[in-house]
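Notes for the one structure printed next.
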Amino acid sequence: MSNSISAGSAAPLDKTFESAEVEARHYALWEQSGAFAADPNSDKPPYTIIMPPPNVTGSLHMGHGLTFTLQDVLIRYYRMAGRDALWQPGQDHAGIATQMVVERQLAEKKITRHDLGREAFIDKVWEWKAESGGTISSQLRRLGATADWPRDRFTLDEGVSKAVRKVFVDLYREGLIYKDSRLVNWDPALETAISDLEVEQQEVKGNLWYFQYPVDGQPGRVLTVATTRPETMLGDTAVAVHPEDERYRDLIGKHCVLPIVGRKILIVADEYADPETGSGAVKITPAHDFNDFEVGRRHNLEMINVLDRKGRINENAPVEYQGLDRFEARRKVVASIEELGLLEKVEPHTHQVPYGDRGGVPIEPYLTEQWYVDAATLAKPAIEAVETGRTKFVPENWSKTYFEWMRNIQPWCISRQLWWGHQIPAWYGPDGEIFVADNEDEAADLARKHYGEDKPLERDPDVLDTWFSSGLWPFSTLGWPDETPELKRYYPGDVLVTGFDIIFFWVARMMMLGIHFMGDVPFRHVYIHALVRDEKGQKMSKSKGNIIDPLEVIDEYSADSLRFTLAVMAAQGRDIKLAKNRVEGYRNFGTKLWNAARFCEMNQCALPADFDPAKVSQTVNRWIIGETARVAAETAQGIEAYKFNEAAGGQYQFVWNTFCDWYLEFIKPILNSEDAGAIAETRATAAWVLDQILLMLHPFMPFITEELNEHFRFVPDRPLITAPWPALNGLDATDAKAEMDWVVRLITDIRAVRAEMNVPAGAQIPCLVQGAASETLAQLSRHAGYIHRLARLTGVDAATEMPKGAVQIVVGEATYGLPLADVIDIGAERDRLAKAIEKADKEIGGIDKRLSNPGFLAKADPAVVEDTREKRQELAGQRDKLTAAVARLADL
RNA sequence: GGGCGCUUAGCUCAGCGGGAGAGCGCUUCCCUUACAAGGAAGAUGUCACAGGUUCAAAUCCUGUAGCGCCCA
């Protein structure tokens, strides 16, 4: 071996790993080196992840911790595996959320946004963004996220805004965006329309009030209707009964007199009225209920809006109600009806009430004119893309959720009565004519053509739903509509990593808009990961006080520990219940690795430049190299299949159980021996394996691995951040594995018996072997050093006969005896052997049952049958030897 | 009401056709010069219940119960 051994740092490793200092230093070095940057000129194949842009108002929570850890694992892995990796970062302007934050700040100074006016208010929001908008980016850096930061985008950047305007204009011209007057979900707190998805149904204990509406011209006759929202009766324009309902047939086409209001309202026949519920008659308020709206359309009913934007009763209601809040109006209506003697009864009633997910107050169905996207048309190719597998969901069953929603998709209301966001590029002429254009000049041109002269235009004051711009994210961030090299190279992305909660909000919209404007799906895979819950399985929330703050966890246990914990718990299809002691456990894993590295350092393990893992001769070294190759392949497969728990778990087991517990223990006697050749090979092998571990673990635990890599410099000038993933083909060593497995079993069995017989842990005792094949004797001698050391034996000597009073163990074809005449309890030993025989008998019994089954022999895979036969033979041999051991005891 | 998922060791969960695993916790022993944030050994399961398919079921199918989530 050459002497060009690379020297590590001069000072030895500290006794403990100081995460805080190391994390800050390495992150800064990585970022300064430009290692996170994608290279559009690279000849490597691209690998793209578009980061779901966190809200500009956001700060890092555990859900972010999970999603960005997994994305970073993928990005780091593929970067190492030779891809030109782009992790495109960004932030979302989050219309409602951000506007609310700034409005709340203004409210402390008793100012409303209206006091400031639109422009000044928006300036304020930008000011706020400049001050507080970057927090999440720096928090992501603490997690170790290696996004391509110089490419950071904001949804209100000029480039992205240009894309938004173009999409709006194009869809409008294609007839896929239109204005319509229909019921929307109106949030009276925020005074804006919101989409169906922003509405949450909450179960509320309310009442069902039964009102009697007098029938016009038939004194004494009434129709009873029931309602959970009495105030809406002020806007009633009909009562519906079922056309087949005998009770009311004569009333169809007649009128009721609406109490309080005095309006005559039509009695219509409509199947919406269910004869089975209540009286069978139902009041119809077309302007304030989605079902009633449909009934109203069918019967051409008048639509009377009785609410204003703030949810107060407006001028369309009787004077004494005008200006009342909707809930006050409710009380007043009930009181008046009761006074009129028309309140039949009141029943307590639990029902679903729609709440705005941001404003937190009940939403009102409200008749307004809004902009809509024809989602059904855009959804068709987006459905097909998943049906044909051009985009695949992982786990696959989420595609079902996607289909369910996409096949029943409703028009998407995209206008919001807010100020913070993309203002809709539509201008109105004096007569209300609409001109949709990229900018005011173009709109003026259109108007000039339309009117034949210049006319004053007014821009639509509304802004777009935040998800409208988010839906363009996979291509708007890459420069679209310009034909940039980035757009050409990095679209479509490889995978979108996200939680199931935004499949509708975001994934679906990206699919629709991406396919429509780019002609291809925005990503090949959609990996849907779990939700992070607390250890009891409850959703983390401020109000429950069960939040685990990722930054606190990082401070306490290190970023590596948190990342590893989240990755190893990220099994597909199940939520993560996170408890701090799990993080502690994986922090201990980092410590274990650190100490294994210290051991290597203390034993002068270094990697010669010409070290060839295929050429080692020691069995123990061939074995560990083969195992390293195996785990490297499994880890890569796990990551590529999004089975992060398998990939990380495999590493955990390999590093701790295989490398530390066994390999490092095996090599101690070698390193302390006189055999210079074996020592050199073993030092090199240990260094090589440690180096592979650092590489394989790097995507999961980037900081500690980079720190150790920097310290050892096994390979000069090769920071892990840009290192290649281990390519370890042709290194399996099945013979070495079989041999070492035998060593492990022998040591384990001896240890077990020692513990059971209460042999003092420190005591070294002799061991005899009987009936061993010559090959076994050779192995015993080859591995004597560590067998003696780890089983605490003075030696293993061949014997033709077991001495009396020896504890006997059967491993393979041989029987091993520990002469413990003075300590052995004959009764206990007989029991122990009897138990072992019983266990073997039970297993043999099970196998015989199978082997005597003709169906099994005829139909099972021949390999399975063969394995079963071999197993039986092995067990039978073991059983015989155990029986012989018992017989020997009888002589005592 | 419709859909999806879950039920495996005390706890948290892997496994998803060939005879049950991990981590944590627990018990015993050990400060063996890499590591006590450690080492060694150990105990614990009608794999929710009931049927069915199969030579073979924790694993596939059907139903039941309980829990959770999504959509009306």
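Naming convention: chains lettered A, B, ... in sequence-line order (proteins, then strands); numbering from 1 in each chain. Just so we're clear, the structure is a prediction, and the values are computed from it rather than from any experiment. We use all heavy atoms of the structure for the numbers below, so side chains are in, but hydrogens, waters and symmetry mates are not.
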(request) Kindly say whether, by distance alone, the side chain of A:Arg850 makes a donor-acceptor pair under 3.5 Å with the base of B:rG19? (result)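 Per atom types, the contact qualifies.
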(request) With sequence neighbours excluded, tell me which residues meet side-chain contact (heavy atoms from CB on, under 4.5 Å) with A:Asp270. (result)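 So A:Asp270 forms a side-chain contact (heavy atoms from CB on, under 4.5 Å) with A:Ala240, A:Tyr272, A:Val295, A:Arg298, A:His299.
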Extract from the structure each pairing of a protein N or O with an N or O of nucleotides 56-63 of chain B at less than 3.5 Å, listing the distance.
none

If only side-chain N and O atoms count, and only distance matters, is there a donor-acceptor pair under 3.5 Å linking [Y] with [X]?
X	Y	result
A:His788	A:Gln764	no
A:Asp749	A:Tyr816	no
A:Ser195	A:Asp465	no

(request) Quick one: stems involving RNA chain B, counted as three or more successive Watson-Crick or G-U pairs, both distances short of 3.5 Å. (result) B:1-7 with B:65-71, B:10-13 with B:21-24, B:26-30 with B:38-42, B:48-52 with B:60-64
(request) Run through A:Phe500, A:Trp412, A:Trp398, A:Phe504 and flag the one making a ring-ring contact (aromatic ring centres under 6.0 Å, His included) with A:Trp405. (result) A:Phe504
(request) Report yes or no: is the cationic atom of A:Arg789 (NZ for Lys, CZ for Arg) closer than 6.0 Å to the six-membered ring centre of A:Tyr786, at no more than 45° off its axis? (result)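 Not satisfied by the 6.0 Å and 45° rule.
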(message) Let me spell it out: for each of A:Pro854 and A:Tyr586, pick the nucleotide of RNA chain B with the closest heavy atom. Which residue's pick is nearer the 5' end?
(response) A:Tyr586
Output side-chain donor-acceptor pairs under 3.5 Å for residues 855-872 of chain A, partner residues at least two apart or in another chain, one line each.
residue: A:Asp861; atom: OD1; partner: A:Ala863; partner atom: N; Å: 3.0
residue: A:Thr868; atom: OG1; partner: A:Val864; partner atom: O; Å: 2.6
residue: A:Arg872; atom: NE; partner: A:Asp848; partner atom: OD1; Å: 2.5
residue: A:Arg872; atom: NH2; partner: A:Asp848; partner atom: OD2; Å: 3.1

(request) Flag yes if more than 12 heavy atoms outside A:Glu640 fall under 6.0 Å of its CD atom; otherwise flag no. (result) yes
(request) Might you confirm whether atom CD of A:Gln604 has over 12 heavy atoms from other residues, nucleotides or ligands at distances under 6.0 Å? (result) yes
(request) Would you give a per-nucleotide map of nucleotides 66-72 of chain B, 5' to 3', where B means the base has a protein non-hydrogen atom under 4.0 Å away, S means only the sugar-phosphate does, and - means neither? (result) ---S-S-
(message) For nucleotides 27-41 of chain B, give me one character per nucleotide, 5' to 3': B if any protein heavy atom sits under 4.0 Å from the base, S if the only such contacts are to the sugar-phosphate, - if neither.
(response) -----B-BB-BSSSS
(message) Between A:Arg563 and A:Ser558 (side chain of the first, backbone of the second, donor and acceptor by atom type, cut-off under 3.5 Å), is there such a pair?
(response) no
